[in-house]
Amino acid sequence: MAETVRFPGVRTAGLFFFMVFAFTVFVSKAAVNISSGVVLLFALIDMVLNGTYREMGKNRFFWAFLIPLAIGLTLSLFSDAGLKGPGFFLERFRFFFVFIPFLIFIRNKNHLLCLYLVLCASGCSAALYGFFNADKTGSSLLFEGLHIVGRNSDLFTSLGLMSCVFLFHIDAKSVHLKYFLRVSMFITAGFSVASIIFINQLSLFVVQRGALLGLCTGFFFYTLFFNRKILLIIMIPLAIGIQHVGFDHPLIQRIKTIGDLETHTSNVQRLHLLGAGIPYVIDRHLLTGTGSKKPDKDFSDFFTKKDKGFQTRYSQAMENSGNFHNSYLQMAAENGALFLLIYLSGMFCVFFMITRNLEDPDWRMFRIGALTVTTAASVTYFFHGELYRYGGLLFYLVLLGGCLGNQEQKSLPSDEAFDPHPVGGSTLYSSNGPVHPAS
């Protein structure tokens, strides 16, 4: 039976503004903030007017995303910030609540494909703008996006992996549509990888190294589990390319710095922050966090009270006091290690449920994309706190795409499936089972 929607205009408007929100991801921070608020408002209206809350209550993915956030919001009342804690929590994790309008307005494969094409258009527009400016200024390594979020490279990592997966798994009834989608994904993948290589948002290229590592991790995960032939095909021209440009090329040198854990300043600082940050969280924020951004004063107080050996061992940690350059450690410090554990448990449940339903041919492509991008993101966001900010938006949208599809396996009623003696060649069924005519 077709779904009855009392106010279809609300849902149509919500879907439209969700597409607007998707296009702003690469374009403008202000537009992202405004449009995300608008789609969330329409989602709440739809839940009330169209009764969608009943449908959401039956969706296991909905609860996997909601429960950690609800617990985190409750724990924020007991943070160091007191009654200001919930306000900070909602502001900090506002993009995590996008799952509500996503599950309400993105309801079928056509919606999802349209959403991803809009994201591709947004990313390619930003890339074209960046390369145009690079050519205009005469700089070979001066790529700038339409808006500088500090982590444009993270967005391109997720977009590149998503388009790569879809390129090899896209399927459509129309040959022309299939060709159009594959060409679109091929162009998007090319722009995304080129943008990560040439992007220049920090003079030391610290940002790109995390994105490159995530990109390689995600691509290796995808090819290892879902497309081993491509791995072999890619490795040969990659090895030839490295030999051609030489190991002294700036890009190769940048990649080599990822493994420099002794002399590279950025790597040493991150190791010191991790070494000092974990004891700090265990000692002061095991259950609740600071409830505020950059807990520099609290961390400084903790650090100065430690013994001289500890301070010497992690001396570089005070260079970035309160900013741990690690999404997970930052979440634990600001909101408590308990919230981080619950959040990661929820993500694990989502990952597991997507994996369990991986073989559904209608949704396999989206689920492989979700698993691939999530694997890459888990590595990328270990090096900075962008998981819950603008740089994590595209990863989150691709992950949500893997949550769509039939939540319950459709099957015949048990009596219909196993009744070996149908009456009169056909059987009528009521809500209580088969109805046989009186003998």
Spell out, as yes or no, whether a donor-acceptor pair under 3.5 Å connects the side chain of K109 to the backbone of D362.
yes
Check against side chain to side chain contact (heavy atoms under 4.5 Å, CB included), R94 and S36
CA-CA 9 Å; R94 62 191 183 278; S36 62; 5.7 Å; no
Ion pair check, D301 and K305, cut-off under 4.0 Å:
yes
Sub-6.0 Å ring centroid separation between F166 and Y116:
yes
Apply side chain to side chain contact (heavy atoms under 4.5 Å, CB included) to residues L119 and L397 and explain how you reach the verdict.
CA-CA 10 Å; L119 289 171; L397 293 174; 4.1 Å; yes
Using modelled atom types only, decide if a donor and an acceptor are shared between the side chain of S76 and the backbone of L73 within a distance under 3.5 Å.
yes
Taking the inter-plane angle between the rings of Y328 and F382 on a 0 to 90° scale, is it parallel (under 30°), tilted (30 to 60°) or perpendicular (over 60°)?
tilted
Classify the angle between the aromatic ring planes of F21 and F18 as parallel (below 30°), tilted (30 to 60°) or perpendicular (above 60°).
perpendicular
Approximate separation, where rounding is to 0.5 Å, of S28 OG and I34 CD1:
7.5 Å
V373 and L399: side chain to side chain contact (heavy atoms under 4.5 Å, CB included), yes or no, with the steps?
CA-CA 7 Å; V373 172; L399 173 63; over 6 Å; no
Taking the inter-plane angle between the rings of F352 and F348 on a 0 to 90° scale, is it parallel (under 30°), tilted (30 to 60°) or perpendicular (over 60°)?
parallel
Is there a side-chain contact between M365 and D171 in this structure, where contact means two heavy atoms from C-beta onward sitting under 4.5 Å apart?
no
Step by step, would you call L387 with Y343 a side chain to side chain contact (heavy atoms under 4.5 Å, CB included)?
CA-CA 12 Å; L387 172 63; Y343 168 77; 4.1 Å; yes
Taking atom CG as the centre, does L224 end up with more than 12 heavy-atom neighbours from other residues, nucleotides or ligands that are less than 6.0 angstrom away?
yes
N/O donor-acceptor pair under 3.5 Å between E386 side chain and D154 backbone:
no
Any sub-3.5 Å donor-acceptor pair from T355's side-chain atoms to F351's backbone N or O?
yes
Nearest 0.5 angstrom please: F303 CZ to D296 CG, how far?
14.0 Å
Determine whether a donor-acceptor pair (N or O, by modelled atom type, separation under 3.5 Å) exists between the side chain of H111 and the backbone of I106.
no
Can you tell me how far the CD1 atom of I368 sits from the CG atom of N227, to the nearest 0.5 Å?
9.0 Å
How long is the straight-line distance from CZ of F16 back to CZ of F42, given to the nearest 0.5 Å?
10.0 Å
L286 versus V281: any side-chain heavy-atom pair under 4.5 Å?
no
How long is the straight-line distance from CE of M162 back to OG of S192, given to the nearest 0.5 Å?
8.0 Å
Describe, in one word, how the ring planes of H384 and Y381 are oriented to each other, choosing from parallel (under 30°), tilted (30 to 60°) and perpendicular (over 60°).
perpendicular
Residue pair F310 / P279, side-chain heavy-atom distance below 4.5 Å
yes
Are F61 and V350 side-chain neighbours, meaning at least one heavy-atom pair lies under 4.5 Å?
yes
For the backbone of G291 and the side chain of E334, can you confirm whether one donor and one acceptor N or O come within less than 3.5 Å of each other?
no
Donor-acceptor pair, distance only, cut-off 3.5 Å: does the side chain of S125 make one with the backbone of A121?
yes
F93-F89 aromatic ring centre distance below 6.0 Å
yes
Within the 4.5 Å heavy-atom criterion, are D298 and H285 side-chain neighbours or not?
yes
Could you tell me whether E359 and R367 make a salt bridge, using a distance below 4.0 angstrom between a side-chain N and a carboxylate O?
no
Look only at the side chain of N50 and the backbone of T52, and say whether a donor-acceptor pair between them is shorter than 3.5 Å.
no
Beyond-backbone contact of F226 with L358, side-chain heavy atoms, under 4.5 angstrom:
yes
Check whether any side-chain N or O of N33 sits under 3.5 Å from a backbone N or O of K29 as a donor-acceptor pair, and report yes or no.
yes
Is Y53 close to I104 at the side-chain level, that is, under 4.5 Å between some pair of heavy atoms?
no
Rounded to the nearest 0.5 Å, the CG atom of L117 sits from the CG atom of L181 at a distance of 5.5 Å
From the options Y396, Y390, F395, select the one residue that forms a ring-ring contact (aromatic ring centres under 6.0 Å, His included) with F95.
Y390
H325 vs F383, ring-ring contact (aromatic ring centres under 6.0 Å, His included): CA-CA, chis, key distance, verdict
CA-CA 5 Å; H325 293 280; F383 298 98; over 10 Å; no
I'd like to know if the side chain of R11 reaches the main chain of F7, judged simply by a donor and an acceptor atom lying under 3.5 Å from each other, with no hydrogens or angles considered.
no
For a 4.5 angstrom cut-off between non-hydrogen side-chain atoms, does L69 reach F99?
yes
